[in-house]
Amino acid sequence: MLLTKTLAEIIERAARKAQKKGDLPKFPLPEVVVSRPRQADKGDLSSALALQIVRPVNNALKEQGKERLSPIQIAEIIKRRIADNPYIGRLEVAPPGFMNIWLSPEWVAEQAGAIVEQGPAYFKENIGQGKKVQVEFVSANPTGPLHFGGARNAAIGDTLARLLENSGYEVQREYYVNDRGAQVDTFAETLWRRYQQLHGVEVDIPEKGYPGAYMIDYARAIQAEHGDSLLDLPREEAIPRFRELGLKLVLDELDRDLAMMQVHFDNWFSEQSLYEDGTFERVSAILREQGDLYVKDGAVWFAASKYLPKDDRDEVFIRANGEPGYYASDIAYHYNKFVVRGFDWVIDVWAVDHQNQARRMPAMMKALGLDPDRLTIVLYDLVTLKRGGKEVKISKRSGDIITMREVLEEVGSDAARYFLLSHSNEARIDFDIDLAVAQSSENPVYYIQYAHARVSSILRKAAAEGLDAADADLHLLTHPTEQALIQKMLQLPEVVVEAVDRLAPHHLPHFALDLAKTFTQFYGACRVISTDPADADLTRARLKLVEATKTTLAYILHLMGMTAPEVM
RNA sequence: GCCCUGGUAGUUCAGUGGAUAGAACGCUUCCCUGCGGAGGAAGAGGUCAGAGGUUCAAAUCCUCUCCAGGGUACCA
């Protein structure tokens, strides 16, 4: 459940009742917001509703010739109309007009049991109502291994997918494979020449080809499988053959590398297929019939300006050389996503250097007769790699790159995902390998996982001693650190809803650290397994609390795509 | 030029209209004869880049300026 929403509804009902009973004048209430104050002495939750409505209240009172009310008086009036409920333990009106709420400690304590009983379901809100959503991410050009920049895309995209599938959406993860066009041809050409070189043929790789050493590895892999049987192919056969062989090698490698960071795609979508199954023709016909296409300078243009404010420019649809431009592929691709496959919502995760392209997408949606709001482009800023405070270039002049695989092998998937996720999408990231790899208290990743391992250890010990939490009297959980721990867990649904609303996964790692911290404080203050028989009841209650903590920590780690270790 | 995004503690970063701006790391002091010390408690540390404005209330919204990065292709 969303506690803030539940309490907002209670307050809203009280305000309405006050209006109905004539305590307050009638006017449309604003949305009631309940938030969490920073200071403990302001309560667990708080609403500023009285402050928000002073003006309409007093305007109405003035019209009626009555005396004006202060925000504090308004808050008191609302307070008196609050219905009985299990959540609120105490509600105080505080200057200048806040309503501060302390949760009922009994209700809070009971939630430890509810969390254990319901498991992760306790934290889930059905926002999606079964809507079909596609998250398309990574989608790096299939011309070599993923460089480290792609890891951020993978972390964001996959975590968004996890957030959505745990919020009532039906989610598909898709990788868009740009397997046609000049760059793939150049890639095939380079691979062919490298293959020839391996067999002693004196050829150079293309000037604008792919000089990286990994291309030689691909060529070797082809040599290993096909020997010299491809040497005699004429160019017009060699290029498509090497394109096909090379793509397979690259995609296999991408799949393996992404699996290293717990990322698995449901679908790898071929750009080329859009031109083979008639989608491109269909889309061209639609746009032509609508009069959205025109010829200029030998190229066919899409009149994006027809659908967007006049400061936007048109896009090349088919280039003068007869090749479709990338925008043409994008239109066909999104036609396929929405019209053919019927996704209710599509999220594309792009690096910020595609910002201009992102701005043009609404025109495309409108031209296809689709609601632009059904497509969301999540832009994220780039990653710079550092080692000991000094920048390391992700791609080098030689064509060699710092691959995602190398970094993952060094720092591990959990630390990489945690760090990449902990920054807001719009913020640039300085990824310091040395910091991420440090397995010390300065690395929050291990602090969080350590909390989970410690929780697991306590439960193992309890089990070994024949203790369990059955029939625990949870009302014994009154210690401030016990209450604080449960209250922290109660915030998780709000964190997830916020992350989904704003497509901002960076709230998760911050919450996880908070939760681990709160647990460790409880652990430091309260002994769970007591040797004193007189404490048997308290031990049972605390074991329940520890079980709830394990559920919560494991779930948040799962949402981030991180492991929840039983031992470390 | 125009457009987009950042600028918050020594450092790395949270905080998209609420009260005394938070966390981690680092620093200072204290606590280890107990379930895992990869700890716990207390503290120092801020011109929220700057200047105006809107509001009962601004790090948050608006305008301008400064700094950093990105975009502005018949590349993707």
Side-chain angles (χ1 to χ4, degrees), chain A residues 33 35 37-39 41-42 46-48 51-52 54-55 70-71 94-98 100 139-141 143 176 178 181-184 271 296-301 311-313 315-327 329-330 350-359 379-382 384 389 419 422-432 435 438-451 453-462 465 467 481 502 504 506-507 509-511 513-514 517 520-521 523-531 539 542-543 546 567-568:
Chain A
V33 177
S35 61
R38 291 197 183 92
Q39 286 83 31
D41 63 322
K42 306 291 194 294
S46 167
S47 174
L51 289 161
Q52 289 175 288
V54 220
R55 183 174 297 168
S70 72
F98 291 101
N100 295 336
S139 300
N141 286 326
T143 53
Y176 180 46
N178 298 112
Q183 54 180 352
V184 188
E271 179 185 3
K296 191 181 87 180
D297 302 334
V300 177
W301 294 71
D311 53 278
D312 260 286
R313 305 207 338 262
E315 293 288 323
V316 168
F317 191 72
I318 298 174
R319 292 186 266 161
N321 67 6
E323 284 292 314
Y326 70 86
Y327 197 76
S329 285
D330 273 351
W350 293 350
V352 72
D353 52 340
H354 291 71
Q355 58 181 258
N356 208 51
Q357 186 185 353
R359 223 175 4 229
L379 292 175
Y380 64 91
D381 214 313
L382 304 170
T384 53
F419 198 78
S422 62
H423 298 58
S424 63
N425 295 339
E426 302 80 24
R428 249 168 309 183
I429 294 188
D430 289 329
F431 188 100
D432 194 313
L435 178 64
Q439 301 205 2
S440 69
S441 60
E442 69 187 79
N443 193 331
V445 177
Y446 299 100
Y447 184 87
I448 296 163
Q449 292 185 317
Y450 188 78
R454 179 179 265 161
V455 159
S456 304
S457 170
I458 294 172
L459 294 175
R460 274 195 304 273
K461 183 181 162 77
E465 294 180 12
L467 299 170
T481 60
R502 289 164 54 176
H506 73 276
H507 293 102
H510 290 104
F511 176 81
L513 182 58
D514 251 14
K517 179 92 184 163
T520 308
Q521 285 166 337
Y523 174 83
C526 299
R527 185 170 179 87
V528 179
I529 299 173
S530 171
T531 47
T539 292
R542 285 182 172 164
L543 280 174
V546 171
V567 290
M568 287 177 76

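Here is how names work: the chains are called A, B, and so on, in the same order as the sequence lines, proteins then strands, and each is numbered from 1.
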Let me know, please, whether Glu426(A) or Val567(A) comes out on the 5' side of the other along RNA chain B by nearest nucleotide. Glu426(A)
For A24(B), the Watson-Crick or wobble counterpart (both distances under 3.5 Å): U11(B)
Among A24(B), G37(B), C4(B), the one nearest any side-chain atom of Arg454(A) is G37(B)
Nearest-0.5 Å distance that lies between atom CD1 in Ile429(A) and atom CG in Asp381(A): 9.0 Å
Using the C1' atom as the reference point in each nucleotide, state the distance between U28(B) and G10(B) in Å, no decimals. 14 Å
Quick one: NE2 on His510(A) to OG on Ser422(A), what's the gap to the nearest 0.5 Å? 5.5 Å
Taking atom CD of Gln449(A) and atom CG of Asn443(A), what is their separation to the nearest 0.5 Å? 9.0 Å
For Ala351(A) and Leu382(A), work out which heavy atoms get closest and say how close. CB-CD2, 3.9 Å
Watson-Crick/G-U partner (both atom distances under 3.5 Å) of A19(B): none
Got a donor-acceptor pair under 3.5 Å from the side chain of Asn100(A) to the base of A19(B)? yes
Pairwise P distance, U60(B) and U55(B) [rounded to whole Å]: 16 Å
Using whole Å, report how far CD of Glu465(A) lies from P of C35(B). 11 Å
Find the distance Gln449(A):CD to G36(B):C1' and express it as a whole number of Å. 15 Å
Rounded to whole angstrom, note down the C1' distance from G17(B) over to C48(B). 16 Å
Could you check whether Val528(A) gets within reach of a base, just the sugar-phosphate, or nothing at all, counting any heavy atom under 4.0 Å? base
So, does the side chain of Ser329(A) form a donor-acceptor pair with the base of A76(B) at under 3.5 Å? no
Quote, to the nearest angstrom, the C1' distance that separates A21(B) from U29(B). 25 Å
Rounding to an integer number of angstrom, what distance separates A57(B) and U20(B) when you compare their P atoms? 13 Å
In whole angstroms, how far is the C1' atom of U72(B) from the CD atom of Gln355(A)? 9 Å
Does Asp330(A) reach a base, just sugar-phosphate, or nothing at all? Heavy atoms under 4.0 Å. nothing
Is there a donor-acceptor pair closer than 3.5 Å between any side-chain N or O of Arg319(A) and the backbone N or O of Asn321(A)? no
Tell whether Tyr450(A) reaches the base of G36(B) with its side chain through a donor-acceptor pair below 3.5 angstrom. yes
Distance check needed: G37(B) C1' versus Asn443(A) CG, whole Å only. 17 Å
Does G45(B) have a Watson-Crick or wobble mate here (both distances under 3.5 Å), and if so which one? none
Base partner of G6(B), which must satisfy Watson-Crick or wobble distances under 3.5 Å: C67(B)
Distance check: side-chain N/O of Tyr447(A) vs OP1/OP2 of A23(B), anything under 4.0 Å? no
Could you work out the separation of C3(B) and U12(B) based on their C1' atoms and round it to a whole Å? 30 Å
His506(A) vs Ser424(A) side-chain heavy atoms within contact, under 4.5 Å: yes
Side chain of Ala299(A) only, heavy atoms from C-beta on: which candidate in A24(B), C74(B), A38(B) is closest? C74(B)
Under 4.0 Å between any heavy atoms, over every strand shown, what does Lys42(A) touch: base, sugar-phosphate, or nothing? Just pick one. base
For Asp381(A), report the nucleic acid contact type (base, sugar-phosphate, nothing); a contact means any heavy atom under 4.0 Å. nothing
Within the 4.0 Å heavy-atom criterion, would you say Arg527(A) contacts the bases, only the backbone, or no part of the nucleic acid? base
If I pick the P atom on C64(B) and the same atom on C4(B), what distance separates them, to the nearest angstrom? 11 Å
Tell me: CG of Leu379(A) to C1' of A76(B), nearest whole Å? 15 Å
Is Gln521(A) touching bases, backbone alone, or none of the nucleic acid, heavy atoms closer than 4.0 Å? sugar-phosphate
Could you tell me how far A38(B) sits from A44(B) if I compare only their C1' atoms? Round to whole Å. 26 Å
If you only use heavy atoms from C-beta on, which nucleotide in G36(B), C56(B), U12(B) is closest to the side chain of Leu51(A)? C56(B)
In this structure, CG of Asp330(A) is separated from CD of Gln357(A) (nearest 0.5 Å) by 5.0 Å
Show each protein N/O and nucleotides 13-17 of chain B N/O combination with a separation under 3.5 Å, one pair to a line.
from	atom 1	to	atom 2	distance (Å)
C13(B)	O5'	His423(A)	NE2	3.1
A14(B)	OP1	Ser424(A)	N	2.5
A14(B)	OP1	Ser424(A)	OG	3.1
A14(B)	O3'	His506(A)	NE2	3.2
G15(B)	OP1	His506(A)	NE2	2.5
G15(B)	OP1	His507(A)	NE2	3.4
U16(B)	OP1	Arg502(A)	NH1	3.1
U16(B)	O4	Arg502(A)	NE	2.3
U16(B)	O4	Arg502(A)	NH2	3.2

Pairing partner (Watson-Crick or G-U wobble, both distances under 3.5 angstrom) of A76(B): none
Does the side chain of Tyr326(A) get closer than 4.0 angstrom to OP1 or OP2 of C74(B) through an N or O atom? no
Between C1' of C3(B) and CD of Gln357(A), the distance in whole Å: 16 Å
I need the Asn178(A) CG to Tyr176(A) OH distance, nearest 0.5 Å. 5.5 Å
Verify the contact: side-chain N or O of Lys517(A) to OP1 or OP2 of A24(B), cut-off strictly under 4.0 Å; return yes or no. yes
Would you compute the distance between atom CD of Glu315(A) and atom OH of Tyr326(A) and round it to the nearest 0.5 angstrom? 4.5 Å
Answer with base, sugar-phosphate or nothing: what part of the nucleic acid does Tyr523(A) contact at a heavy-atom distance below 4.0 Å? base
Using a cut-off of 4.0 Å on non-hydrogen atoms, how would the nucleic acid contact of Ser457(A) be classed: base, sugar-phosphate, or nothing? base
Closer than 3.5 angstrom, by distance alone: can the side chain of Thr539(A) be matched with the main-chain N or O of Ser530(A) as a donor-acceptor pair? yes
Send over the distance from His354(A) NE2 to U72(B) P, rounded to a whole Å. 10 Å
Assign each of Gln52(A) and Asn321(A) the nucleotide of RNA chain B bearing its closest heavy atom; nearer the 5' end lies the nucleotide of Gln52(A)
Please state how far atom CZ in Phe98(A) lies from atom P in C56(B), giving the value in whole angstrom units. 15 Å
So what does Ala182(A) hit on the nucleic acid, given a heavy-atom distance under 4.0 Å: a base, only sugar-phosphate, or nothing? nothing
Indicate whether the side chain of Thr481(A) and that of Gln521(A) have a donor and an acceptor atom separated by less than 3.5 Å. no
Does Arg319(A) have a side-chain nitrogen or oxygen under 4.0 Å from the phosphate oxygens OP1 or OP2 of C75(B)? yes
G36(B) OP1/OP2 closer than 4.0 Å to side-chain N/O of Arg460(A): no
With sugar-phosphate meaning primed atoms plus P, OP1 and OP2, does Glu323(A) contact a base, only sugar-phosphate, or nothing at under 4.0 Å between heavy atoms? nothing
